[in-house]
Amino acid sequence: MSPSLKYSNSEKTLQNGLNHSQIHSTAGIDFIAFKKDTPVRMPPFLVGVYRWDNWLLSEILLRTSITVMDVTQSIFIIHQQRKKLEGQKPEPHARRRGAVYNDVLAKNISGEDYKVGFINNANQILSGNCEQSQCTFKDNLDRSEIVLLKQRTNAQKYTAVLTVTSGYMPLAWNWICWSKRIGFRNYILLAEDLEAYKILRAANEPVFISKEQSLNTSSKPEAKYGSYAFQITMMYRLEFLMRVLRAGFHFLSADMDTLWLSNPFNYISHDLSITIQGQTHKQTKMSGGFIIIHATSKGRKLWQDVIKCQNQNLVDLREQQHLKRKRPASDFTEQECINDRLNTTTINLLDPYLFPDGRSFFDLHRPQSRGIVPVAIHGNWLVGLEAKIKRLRSWNLLASTGSSCDPLENGIPYSLSKTSNPVRIRIGILAYNRLQSLQRLLESLQAANYLNDSVALDISVDRPSSAAGSSEKEQWKQVMEYVGDGETHPSKLKWSHGPLSIIVHKKHVGLLGQWTVSTDHQDIQLLLEDDVVVSPHFYIFLKQAIDFYYINESNYDSRMFGLSMQHQHTMLGQRTGFSIRSIDKELNETGAPTFFKYQLLGTWGAVFFPEHWRAFLEWIATINIENIEEGCTPGGLLSAQWWVSRHLAERMWTHWFIRFVYERGWYSLYTNFPNREALIVSYRESGLNFNVTRRSMNAISRTSAT
């Protein structure tokens with residue numbers, strides 16, 4: 001402005017400024033308003049020279065959750081500068097006094113990050129006439145992806161990029177919830193349509209969309225694999241990933257139907273001589289749905305070649321070349337472009353047990369057969385969003401299909417410190433019509449060593465159903481004459497170790513009703529069906545195990561629901577045509593541990609901690625036990641086959657507990673004694689679970705186990 005201009009007339013001053021000024025470049029800001037409690041500590045920059053504004057803006061953008069708003073379009077602000085003499089060139093910022101000091105200070109504090117501090121990287125733009133209350137905030141779609149990359153990459157400069165459309169949002173929410181569960185934050189969501197961008201932006205997710213994409217695509221449904229629409233999505237992703245590489249960041253590109261159970265960056269190679277890593281596909285190929293590219297010259301060259309190939313794919317699909325060549329559209333994908341170039345570069349196929357595809361995990365159970373928990377599971381080998389959601393739900397791997405995440409079920413917190421009641425052990429026997437079996441069990445219980453403790457014994461006797469035959473009813477009467485009913489038949493059995501109670505059900509309840517009868521006591525329960533026997537030393541072991549694993553807070557495991565005192569032989573993953581190692585081989589070829597934790601309930605001597613058992617009873621009260629689908633666990637498990645074949649005959653209750661602990665990740669403690677001995681063994685006599693008597697599978701332990 002002219003120095004002779006009088007400043008008393010503000011309107012003329014501003015008009016003069018407007019007529020003789022120009023908008024500064026996006027690098028020069030010089031006007032930043034922020035709250036005094038903003039968590040940014042201003043370094044000792046010199047006044048009047050560059051870098052301080054870029055550094056300050058970059059810090060707010062990258063290191064805080066504060067929203068930066070560009071007000072250039074709606075607020076008229078003049079930055080006064082000295083008038084230049086005629087013919088005088090402006091002095092470059094870098095040559096001004098103090099510039100070197102500010103430049104070195106900014107780079108010492110945050111390296112090259114100050115370059116992000118340009119006004120065009122603001123989160124939002126204020127547009128419209130604010131004096132007339134007609135201005136609004138809009139998302140800044142010109143913002144560089146570099147901001148998100150710097151915010152979300154890990155220390156080794158790796159970031160995951162996943163593409164999402166509005167039609168695929170249910171799977172996107174599931175992936176986001178799993179990322180939160182495992183504490184993974186090094187990711188960017190690439191929105192392919194404006195609707196998906198707005199949804200994720202409202203949820204405060206790290207989402208990016210190019211301005212061109214936002215203008216051309218308002219919403220997009222799920223696209224069929226290999227279709228032209230699907231390949232357009234892939235091209236958008238490929239070009240974005242190229243910009244990631246050019247910015248110097250390594251990327252992991254994954255499909256949204258992948259399920260992450262651990263941070264994959266902890267399991268990949270960080271050797272930069274490896275150009276590409278990926279999930280194994282059909283043993284020798286690489287899946288395009290889970291790949292890692294290093295930001296090296298070879299990585300950028302490979303990716304540029306893939307983009308050229310994909311461009312040709314789009315041309316071929318548009319011209320329907322696949323029909324002319326009698327080839328499926330799936331042959332014209334970016335995955336084929338990647339695989340065609342693997343023999344010209346250094347590759348690393350990821351461990352197929354840690355990074356299985358959908359068929360390997362859900363159908364063939366290969367990681368499970370080796371006891372391996374995968375890092376990431378690809379949900380491929382299944383077409384359609386609805387089918388993928390259904391499969392995840394059946395495996396209890398669906399964390400959400402909406403913006404709120406279902407919480408992971410945790411264990412039961414330690415609570416003994418809050419009560420002064422002593423911990424007691426109570427034995428429950430489930431009986432019906434096998435008198436000799438019941439007498440044999442009672443004899444073994446009577447002969448056991450209880451260390452002079454008082455131990456309560458409850459005997460539950462079921463009644464015959466209306467369909468029971470005369471022989472079955474007569475056998476039941478014999479049991480009743482022995483145990484007594486508290487009315488016409490006095491009890492003939494002996495129990496000298498504590499209180500005794502006889503419970504005769506008023507109607508037929510079956511095994512499910514006997515096992516799940518509600519109780520009002522807080523004791524630890526050992527439940528025994530009547531065809532088992534106990535070791536003379538079972539109580540000594542049981543009491544020591546409870547002291548160690550339940551009473552001792554330092555050893556307490558909130559997800560351990562109790563103890564299983566039988567020798568476990570069943571692997572739930574076993575099925576026809578599927579070979580799997582036995583529990584004995586798994587344990588005894590790897591050091592022969594005396595104890596191990598396992599999710600399958602052991603019904604031949606099941607010990608339940610009271611809080612965990614009460615949680616199960618509360619849960620099953622909410623279940624529709626008549627619905628066959630309610631009792632299903634993931635397909636292929638023996639428990640599912642048991643349930644489907646036996647649910648109509650009231651022969652199953654264990655499937656409910658198997659499903660309950662499966663959903664929560666709970667387990668019990670098992671013993672692994674030499675020669676497959678056990679503290680409690682079953683004679684597997686004919687009844688509801690066995691058509692004929694099969695005798696005991698294991699020898700009873702005659703020594704005291706500690």
Side-chain angles (χ1 to χ4, degrees), residues 393-398 406 408-412 428-432 458 460 462 465 503 505 507-519 524-532 558-566 568 570-575 597-670 682 687-690:
R393 182 176 284 112
S394 74
W395 279 76
N396 195 40
L397 293 173
L398 189 65
D406 297 335
L408 269 176
E409 287 285 354
N410 296 317
I412 304 294
I429 296 176
L430 311 182
Y432 175 46
D458 302 325
S460 166
D462 196 10
S465 69
I503 303 153
H505 291 275
K507 63 178 181 179
H508 177 71
V509 295
L511 274 179
L512 175 63
Q514 283 192 288
W515 274 92
T516 59
V517 63
S518 61
T519 57
I524 291 175
Q525 290 192 107
L526 165 62
L527 294 180
L528 303 169
E529 294 185 3
D530 57 11
D531 61 344
V532 304
S558 66
R559 292 191 296 159
M560 194 170 101
F561 62 78
L563 307 139
S564 294
M565 300 182 71
Q566 70 176 80
Q568 185 55 264
T570 302
M571 292 282 277
L572 283 186
Q574 289 175 335
R575 59 187 172 87
K597 293 175 180 177
Y598 187 34
Q599 283 195 278
L600 177 59
L601 168 72
T603 57
W604 304 340
V607 179
F608 299 102
F609 297 151
E611 298 83 4
H612 296 75
W613 183 245
R614 190 161 53 250
F616 168 66
L617 294 180
E618 291 173 356
W619 173 82
I620 199 171
T622 67
I623 297 297
N624 178 11
I625 61 175
E626 304 299 327
N627 185 349
I628 185 172
E629 292 188 3
E630 289 278 6
C632 288
T633 48
L637 296 188
L638 278 178
S639 56
Q641 298 176 27
W642 294 338
W643 169 236
V644 170
S645 63
R646 301 181 188 180
H647 79 285
L648 293 177
E650 294 186 298
R651 292 184 176 186
M652 289 292 292
W653 83 273
T654 52
H655 60 280
W656 296 113
F657 199 83
I658 290 170
R659 176 189 159 191
F660 177 74
V661 299
Y662 164 78
E663 291 180 352
R664 288 153 181 78
W666 290 5
Y667 36 74
S668 66
L669 184 78
Y670 276 90
S682 170
L688 289 178
N689 290 323
F690 300 103

Do [X] and [Y] make a side-chain contact, defined as non-hydrogen atoms from C-beta onward lying under 4.5 Å apart?
| X | Y | result |
| --- | --- | --- |
| Thr516 | Phe616 | yes |
| Val517 | Ile503 | no |
| Ile429 | Ser460 | no |
| Gln599 | Trp666 | no |

How long is the span from the [atom1] atom in [X] to the [atom2] atom in [Y], to the nearest 0.5 Å?
| X | Y | atom1 | atom2 | answer |
| --- | --- | --- | --- | --- |
| Phe608 | Phe561 | CZ | CZ | 6.0 Å |
| Trp604 | Glu529 | CH2 | CD | 9.5 Å |
| Tyr667 | Leu600 | OH | CG | 15.5 Å |
| Phe657 | Trp613 | CZ | CH2 | 6.0 Å |
| Gln514 | Asp462 | CD | CG | 4.5 Å |
| Ser668 | Lys597 | OG | NZ | 10.5 Å |

Flag, side chain of [X] to backbone of [Y], donor-acceptor distance under 3.5 Å:
| X | Y | value |
| --- | --- | --- |
| Tyr662 | Trp395 | yes |
| Tyr598 | Ser564 | no |
| His612 | Arg559 | no |

Distance-minimising heavy-atom pair for Trp515 and Leu430 =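 In this case the closest contact between Trp515 and Leu430 is NE1-CD1, 3.2 Å.
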message = Please give me the minimum heavy-atom distance between Ile412 and Ala615, naming the atom from each residue.
response =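 Closest approach of Ile412 to Ala615, heavy atoms only: CD1-CB, 4.4 Å.
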